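Here the structure comes first, spelled out in structure tokens, and everything after it is commentary.
Quick caveat: nothing in here was measured; it's all calculated off a predicted structure. Just so it is clear, the values below take in all heavy atoms, side chains as well, and ignore hydrogens, waters and symmetry mates. Below, chains carry the letters A, B, ... as their sequence lines are ordered, and counting in each starts from 1.
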Number of protein chains: 2
Amino acid sequence: MSNTGRGLHGHVLDTLGPEITAGAYPPGSVLRTDELAQRFEVSRSVMREVVRVLESMRLVESRRRVGVTVRPACDWNVYDPQVIRWRLAGADRPRQLRSLTVLRSAVEPVAAGLAARNATAEQCAELTECALGMVANSRGHRLEGYLFHDMAFHRVILTASGNDMFARLGDVVAEVLAGRTHHDVMFDDPDPAAVTLHVQVAEAVRERDAARAEKLTREITVGALQELDILAP
Amino acid sequence: MSNTGRGLHGHVLDTLGPEITAGAYPPGSVLRTDELAQRFEVSRSVMREVVRVLESMRLVESRRRVGVTVRPACDWNVYDPQVIRWRLAGADRPRQLRSLTVLRSAVEPVAAGLAARNATAEQCAELTECALGMVANSRGHRLEGYLFHDMAFHRVILTASGNDMFARLGDVVAEVLAGRTHHDVMFDDPDPAAVTLHVQVAEAVRERDAARAEKLTREITVGALQELDILAP
DNA sequence: CCGGAACCAAAGGTCAGACTTATTCATCAC
DNA sequence: GTGATGAATAAGTCTGACCTTTGGTTCCGG
């Protein structure tokens, strides 16, 4: 699951990071490098590297003569994939999932519009393939197969937009989609209307119809919002 | 300027980070910790901490027996404020500015709509104050005063949306706005139409008119796109 | 000529301990 | 009360040692 698991450093990070994002230490709490090193049974060097990384994520602040103070949640780098994963694994997962879904609803329609203008022929083909894969797995409780193509679909859209910032959200969207399937309510087969919308988006992009791609994608994200009982804008 | 400047560690990071984001080392290049430590005249410990942070930003990957390899740009954590600052300071600043402005155009309208629903009375007041500040500084080459209130305005909107992910983009938007004023074309006084739009957005939020707030904000961001000669979606 | 096993060296990973420096806090003199 | 002084503290830095992984090389046998 976690990609930092390599080495002692990664292990400590994957323990301490989630603790902080879960709110185990209230903002302003002070941690001492030495104490942490003792607790995790690692050397101070390793602990310092962990603190540096947590600092770069703005989860903590290290100051001389004071210690390592935990920062308030509003300071955190909530776009850091690590932080996102930690928060999704924690107690306020539902809240986090809502935030991310709202973000999706803002970004994906615009990305789809751009994709309709900038997608390469190859990307168009990929998109169609993904949509067809979704259709093929839309019945008979083939949720895993459906999820796979769904994640790929949205990733292609975001990448094909040609915008760095959008492309980087592919992982985030994938995480949200996976969460919906694995942890949350996904009783039955996916909504047929949603499947159709994906096929139509692929069409619109292929036909370079930016406005239609944007509009259709907006319908998809509105559906995602409604699934979480979020009032559609 | 840079907030990491504290300590040797920060200094090295602020030198090596921009080099990497500027593309000084092609993807796949291998750096050796020891050599870097020599070059910056710091100990291996400090260098290791720097590498760890760069690794958490996904700028590099550290592997045994191989060294520190530079990752392709598509892997970078482009939402990390540090990375954003480094890229904005580098050669492909214009490209980066475009990416960020497109992101703004996707996010801010939705955020404004949410703000109209969720803003506290205090936030509404702040918003109005910012808008008035913009008006007051809109004539007579008071660019700095205008910028100050403009940044504050957008930050309040993003915060008032009540969405973690949106709120965190306040710094990014501020950076973009500051860039436009300081580095790029901002010859004369700001466009009066834009100033009016900000005032109207403040009104709409105060009156809880989400649809109007969203629409007006979309007009603001379309203007920002046009300034950079980006085709409005 | 080729494939695999054994070996070696290179680079990061970890550790322990000593020393430095900034910062806070308390004390004291004015 | 206020400002200067000093001591305590925890992070910052450096050094040098040793461990572990792993890519490359060599060498042997098929």
Residues at least two apart in sequence or cross-chain that pass side-chain hydrogen bond (donor to acceptor under 3.5 Å, both in side chains) with E55(B), listed by chain then number, are R52(B)

Before accepting this row, confirm whether a basic side-chain N of the pair R85(A)/D14(A) lies closer than 4.0 Å to the acidic partner's carboxylate O. no

Check your understanding: Hey, does the side chain of R32(B) come within less than 4.0 Å of dA11(C)'s phosphate (OP1/OP2), counting only N and O?
Key -> yes

Atom NE2 of H9(A) and atom C1' of dC15(C) are separated, to the nearest Å, by 16 Å

Taking five pairs at each terminus, the helix from dC1(C)-dG30(D) to dC30(C)-dG1(D) shows an axis bend, to 10°, of 10°

From CZ of R52(A) across to C1' of dG13(C) the rounded distance in Å is 18 Å

Of G67(B) and S43(A), the one whose closest nucleotide on DNA chain C sits nearer the 5' end is G67(B)

Atom CD of E35(B) and atom C1' of dA10(C) are separated, to the nearest Å, by 12 Å

- Message: By the 4.0 Å heavy-atom rule, please label V51(B) as base, sugar-phosphate, or nothing.
- Response: nothing

Taken in chain and number order and not counting sequence neighbours, the residues that satisfy side-chain hydrogen bond (donor to acceptor under 3.5 Å, both in side chains) with E41(B) are none

May I ask you to check whether H154(A) and H198(A) place their ring centres under 6.0 Å from each other?
-> yes

Sorted by position of nearest nucleotide on DNA chain D, 5' first, the leading residue of V46(B) and T33(A) is T33(A)

Separation of dC15(C) atom C1' from Q38(A) atom CD, nearest Å, is 15 Å

- Task: Could you check whether the rings of Y79(B) and Y79(A) sit parallel, tilted or perpendicular, using 30° and 60° as the cut-offs?
- Result: parallel

Output side-chain donor-acceptor pairs under 3.5 Å for residues 28-36 of chain B, partner residues at least two apart or in another chain, one line each.
| residue | atom | partner | partner atom | Å |
| --- | --- | --- | --- | --- |
| S29(B) | OG | P26(B) | O | 2.5 |
| R32(B) | NH2 | E35(B) | OE2 | 3.2 |

Separation between OG1 (T21(A)) and CE (M57(A)), nearest 0.5 Å, reads 10.0 Å

At a 4.0 Å cut-off to heavy atoms of chain A, the contacted part of DNA chain D spans dA8(D) to dT13(D)

With sequence neighbours left out, the residues meeting salt bridge (charged side-chain N to carboxylate O under 4.0 Å, His left out) with E19(B) are R39(B)

Mind checking R44(B) for me? I need base, sugar-phosphate or nothing, with any heavy atom below 4.0 Å counting as a touch.
base

By nearest-nucleotide position on DNA chain D, the 5'-leaning member of R65(B) and R48(A) is R48(A)

Side-chain ion pair, R58(B) and D80(B), N-O less than 4.0 Å: no

When rounded to whole Å, the CD to P distance for the pair E41(A) and dA16(C) reads 11 Å

Between CD of E49(A) and C1' of dT14(C) the distance, given in whole Å, is 9 Å

With a 4.0 Å cut-off on heavy atoms, is S62(B) in touch with a base, just the backbone sugar-phosphate, or nothing at all?
sugar-phosphate

